[in-house]
A.B. asks: 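Structure below; questions to follow.
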2 protein chains.
Amino acid sequence: MKFEPVTIKQMARDLNLGISTVSRALHDSHEISEATKKRVVDYARKVNYIPNPIALSLRAKRNRSIGIVISQFNNPFCSQVVNGMESAFYKAGYQVSIVQTSESTEKEMKAIQYLSSRVDGLLVSISSETKSTEHLKDLYEKGMPIVFYDRICRDIPTHMTLSDNYRGAYEATRHLIGQGCRKIAFVGGAATQPIVQERRAGYLSALEDAGITVEDKWIHFLPKGGVHYVETEVAMERLLRLPRDKRPDGLLTAWDKVTADAYKYLRRHNIRMPEELALIGFSNFPLTDYVSPSLSVVQQQSEKLGEVAAGQLLALLQSKRKPLKYQTEVLMPEIIIRESSLKLKSKTEEQRAVSKIKGAKKR
Amino acid sequence: MKFEPVTIKQMARDLNLGISTVSRALHDSHEISEATKKRVVDYARKVNYIPNPIALSLRAKRNRSIGIVISQFNNPFCSQVVNGMESAFYKAGYQVSIVQTSESTEKEMKAIQYLSSRVDGLLVSISSETKSTEHLKDLYEKGMPIVFYDRICRDIPTHMTLSDNYRGAYEATRHLIGQGCRKIAFVGGAATQPIVQERRAGYLSALEDAGITVEDKWIHFLPKGGVHYVETEVAMERLLRLPRDKRPDGLLTAWDKVTADAYKYLRRHNIRMPEELALIGFSNFPLTDYVSPSLSVVQQQSEKLGEVAAGQLLALLQSKRKPLKYQTEVLMPEIIIRESSLKLKSKTEEQRAVSKIKGAKKR
DNA sequence: TTGTAAGCGTTATCAA
DNA sequence: TTGATAACGCTTACAA
């Protein structure tokens, strides 16, 4: 089965007109008589003529569309981001074409190659597996407007929008400390991910500032980034099997899926939150406020992030040449404290808990 | 800023070769000397030549890519479906380009026009606002392989894959009846949606078969399909303000977002489930098993649905002409009973509850 | 007012 | 073994 659309050439033959006459009539050119115009337009409607966008693109070297490279489609954070982008571009009259990399470098390269020349610009979030960014660098050097969002790429000088992962993790950890936790664990996604590293850095700083010494065994990364439940399960088992004095009383999960899976694990094994383990995690999942115990989260401004990144790309699309200065927009995630990490009721209790730690830095 | 890729023509000039020589060398043609081949290939690699997919498409009238038209990106059911499709097409060597219609007919038409000629086939789920399907019908008649999934279009004879919405709603309603509910309400998405209508039909049949007379006031549709919380809120308020003897004791929600919002409403207003109102709803949201009370759902086989639809489209792409017979694949959703609708502990209790209704049909 | 032809980047046919 | 040329569908400068 193959698509065989009506072309201008075909219509010209049918109507006994020149190709350019038909083209101009369809564009309502003033140099075509009303009679011919009507004849052409009516006929075009009758046969349901659709201009071939491929041919238009080839000629105009302009597509009026942009591409979004997304890691995991099936991830609320990602889809919220895309929603923000979509609405911004829709307003600007651009079509949006989305491709998924599923965290695979190979898919990412294919996707980018696929989109090159098909779109006027690219919004990219690097897949976690990706090491080299030569494919993107080269495209960028040839003038393709690219904006990075969320998982940025420092090698390529361009606009980017991301969350303040460091501070999100820092504040979440501080909150756990404030709740009296002293043995705070960290379960991230893939160790290779810069954003996971930043989150770990925030976590470490918060502990350091509070004068808490970190145990290596409290920190876990997940080889495949936590796509499957079993990865988180293994990490949780390792944490909870530590000897009593090392066993964590607080946990920061640094990846949406990992947060959900850690929560599931704790519920399945009847480990009470926050009494046995206080949990807070990065998450943009819906319904986290209705699970029981309700889940404390570091929630990114996902739609906003999408909108801001979209604005940056639109700016690149409109500017004649590469800008001299690039912006990096950083959005602060929201720390939402709920039952899963709330041990102490009052602020004063909290202050007392923190002040008990010796060697804590003042902020 | 504009993308200016390296072309064959440019390379030909640079290397002092003919255009076709370069093209053939890149395709490893036997009629090109090894020396020239190497020269060309090396140079192409050096300048990072990427063949222009637009030009290839225009020439070959073949894109090795398919388009997915999706209603709401930010909907777990949809993203799960797309995941299923994506992996199927990836295996078959197709690129997948996804566009979102946000339930708007205008966007849908633009999206389809955008994809026409850019892709070799289309997987379409009609947006809820859409009345006329002329734009699709015409495309299909010109030979574009189209497969409908989830929200199908009966006017166009082609393959389709969908859930058994009727039976899903029927069984869910039967379950509520089995739990002793007699005043069972129904909150759907948009009334115009065929799949919502089917769900209502299943709901009605189950009540009828049980000999229960339905009140009109128990049935609500949401003008915008329930995209915003407030729509569900209004419907819930209407239901719960009914006089005591008419006030429902059971509720079937027939749309993922509506289910989540109805649940939120009940929790926010401290209405106990299942005691005051037993809730079961269509939903593919994650975490429904961990909310409290845990949420009973009619869960569609979303990934499977995507895979099956993808298989159908691949079949169309491979066949020479329009097939004489079209398949309609129907997948049974899973009814998952959890706390929000579970009033009776044992099967026998349940049987007793049902047999109390007089005039109930035997099944 | 209408038609012819060139060109966008590519491949395929034909000729050299 | 290589190169010129036509064609894919469209727009546009130029010619009629």
Side-chain angles (χ1 to χ4, degrees), chain A residues 2-41 43-44 47-64 113-114 116-120 142-144, chain B residues 2-41 43-44 47-64 113-114 116-120 142-144:
Chain A
K2 207 161 169 193
F3 183 44
E4 268 157 25
V6 180
T7 68
I8 284 197
K9 192 193 264 184
Q10 183 57 49
M11 292 198 294
R13 258 199 299 270
D14 295 350
L15 294 168
N16 256 311
L17 286 169
I19 293 179
S20 54
T21 311
V22 175
S23 171
R24 275 183 283 233
L26 290 172
H27 286 267
D28 200 24
S29 159
H30 58 275
E31 42 185 3
I32 300 290
S33 74
E34 286 305 320
T36 330
K37 255 186 215 171
K38 187 162 163 30
R39 212 156 71 89
V40 171
V41 170
Y43 189 69
V47 297
N48 257 306
Y49 167 75
I50 301 177
N52 184 332
I54 290 282
L56 289 173
S57 286
L58 185 60
R59 176 149 221 293
K61 295 191 168 188
R62 181 119 202 285
N63 309 73
R64 279 252 139 214
Q113 176 151 356
Y114 172 76
S116 75
S117 311
R118 280 190 162 85
V119 295
D120 301 326
K142 289 187 185 137
M144 173 71 80
Chain B
K2 208 163 169 192
F3 182 44
E4 268 157 25
V6 180
T7 68
I8 285 198
K9 194 192 260 186
Q10 184 56 47
M11 293 197 292
R13 259 198 298 271
D14 295 351
L15 294 169
N16 254 313
L17 286 169
I19 294 178
S20 50
T21 310
V22 175
S23 171
R24 272 181 290 226
L26 291 171
H27 285 267
D28 199 24
S29 159
H30 59 273
E31 40 184 4
I32 299 290
S33 74
E34 287 304 321
T36 330
K37 256 185 215 171
K38 187 162 163 27
R39 212 154 73 88
V40 172
V41 171
Y43 188 69
V47 298
N48 256 307
Y49 167 75
I50 301 177
N52 184 331
I54 291 280
L56 288 172
S57 285
L58 183 61
R59 177 144 224 296
K61 297 193 171 185
R62 183 119 199 287
N63 311 75
R64 278 256 138 211
Q113 176 152 355
Y114 171 78
S116 75
S117 309
R118 279 192 162 86
V119 295
D120 301 325
K142 289 186 183 138
M144 172 70 81

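The chains referred to below are lettered A, B, ... by the order of the sequence lines, with proteins before strands, and numbering in each begins at 1.
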A.B. asks: Measuring from Lys2(A):NZ to Lys61(B):NZ, what's the distance to the nearest 0.5 Å?
C.D. replies: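 Between atom NZ of Lys2(A) and atom NZ of Lys61(B) there are 7.0 Å.
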A.B. asks: At a cut-off of 3.5 Å, list every protein nitrogen or oxygen paired with a nitrogen or oxygen from nucleotides 14-16 of chain C, distance to 0.1 Å.
C.D. replies:
none

A.B. asks: Has Asp120(A) got a side-chain atom pairing as donor or acceptor with Asn63(A)'s backbone, closer than 3.5 angstrom?
C.D. replies: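 A pair under 3.5 Å: yes.
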A.B. asks: Rounded to the nearest 0.5 Å, how far apart are OG of Ser20(A) and CD1 of Ile8(A)?
C.D. replies: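 So the gap between those two atoms works out to 9.5 Å.
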A.B. asks: Which one, dA12(C), dT11(C), dA5(C), comes nearest to the side chain of Ser20(B)?
C.D. replies: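 In terms of side-chain proximity for Ser20(B), the closest of dA12(C), dT11(C), dA5(C) is dA12(C).
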A.B. asks: Atom CZ of Arg39(B) and atom OG1 of Thr21(B): how far apart are they, to the nearest 0.5 Å?
C.D. replies: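 Here the rounded value is 10.0 Å.
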A.B. asks: NZ of Lys9(B) versus P of dG7(C): gap in Å, rounded?
C.D. replies: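 Answer to the nearest Å: 7 Å.
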A.B. asks: Please check if the side chain of Lys142(B) supplies one atom and the backbone of Asn48(A) the other of a donor-acceptor pair under 3.5 Å.
C.D. replies: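 Yes, the answer is positive, given that a donor and an acceptor are paired below the 3.5 Å cut-off.
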A.B. asks: In whole Å, what is the span from the CG atom of Asn16(A) to the P atom of dG3(C)?
C.D. replies: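 One finds 9 Å between P of dG3(C) and CG of Asn16(A), rounded.
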A.B. asks: Extract, from 5' to 3' on DNA chain D, the first and final nucleotides lying under 4.0 angstrom from some heavy atom of chain B.
C.D. replies: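 Contacts span dT1(D) to dG9(D), reading 5' to 3'.
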A.B. asks: On DNA chain C, does the nearest nucleotide to Ile19(A) precede the nearest nucleotide to Glu34(A) from the 5' side, or the other way round? Give the residue.
C.D. replies: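 Per heavy-atom nearest nucleotide, the more 5' residue is Glu34(A).
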A.B. asks: For Lys9(B), enumerate each residue passing the salt bridge (charged side-chain N to carboxylate O under 4.0 Å, His left out) test, keeping only those at least two apart in sequence or located in another chain.
C.D. replies: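 Checked Lys9(B) against salt bridge (charged side-chain N to carboxylate O under 4.0 Å, His left out); zero matches.
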A.B. asks: Using the test side-chain hydrogen bond (donor to acceptor under 3.5 Å, both in side chains), find all partners of Asn16(B) that sit at least two apart in sequence or belong to another chain.
C.D. replies: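 Asn16(B) satisfies side-chain hydrogen bond (donor to acceptor under 3.5 Å, both in side chains) with no residue once adjacent residues are dropped.
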A.B. asks: Need to verify one output field. Residue with the more 5' nearest nucleotide on DNA chain D, Ser23(A) or His30(B)?
C.D. replies: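 Residue closer to the 5' terminus by nearest nucleotide: His30(B).
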A.B. asks: Quick one: side-chain hydrogen bond (donor to acceptor under 3.5 Å, both in side chains) partners of Tyr114(B), sequence neighbours excluded?
C.D. replies: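 Result, side-chain hydrogen bond (donor to acceptor under 3.5 Å, both in side chains) vs Tyr114(B): Ser65(A).
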A.B. asks: Which part of the nucleic acid, if any, lies within reach of Pro5(B) when heavy atoms closer than 4.0 Å are counted: base, sugar-phosphate only, or nothing?
C.D. replies: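 Nothing, no heavy atom under 4.0 Å.
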A.B. asks: Within residues 52-62 of chain A, which residues have any heavy atom lying less than 4.0 Å from an atom of DNA chain C?
C.D. replies: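 Heavy-atom cutoff 4.0 Å gives Leu58(A), Arg59(A), Lys61(A).
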A.B. asks: What nucleic acid atoms does Ser117(B) come within less than 4.0 Å of, heavy atoms only: base, sugar-phosphate, or nothing?
C.D. replies: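 Contact class for Ser117(B): none.
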A.B. asks: Going by the side chain to side chain contact (heavy atoms under 4.5 Å, CB included) test, name the single residue among Ile32(A), Val41(A), Leu17(A), Thr36(A) that passes it with Val22(A).
C.D. replies: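 Checked Ile32(A), Val41(A), Leu17(A), Thr36(A) against Val22(A); only one passes side chain to side chain contact (heavy atoms under 4.5 Å, CB included): Leu17(A).
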A.B. asks: Do Pro51(B) and Gln113(A) make a side-chain contact, defined as non-hydrogen atoms from C-beta onward lying under 4.5 Å apart?
C.D. replies: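 In short, these two side chains touch, coming nearer than 4.5 Å.
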A.B. asks: Over how many whole Å does the gap from His27(B) atom NE2 to dT13(C) atom P extend?
C.D. replies: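 It is 13 Å, rounded to the nearest whole Å.
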A.B. asks: Rounded to the nearest 0.5 Å, what separation is found between the CD1 atom of Ile50(A) and the OG1 atom of Thr7(A)?
C.D. replies: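 Ile50(A) atom CD1 to Thr7(A) atom OG1 measures 12.5 Å (nearest 0.5 Å).
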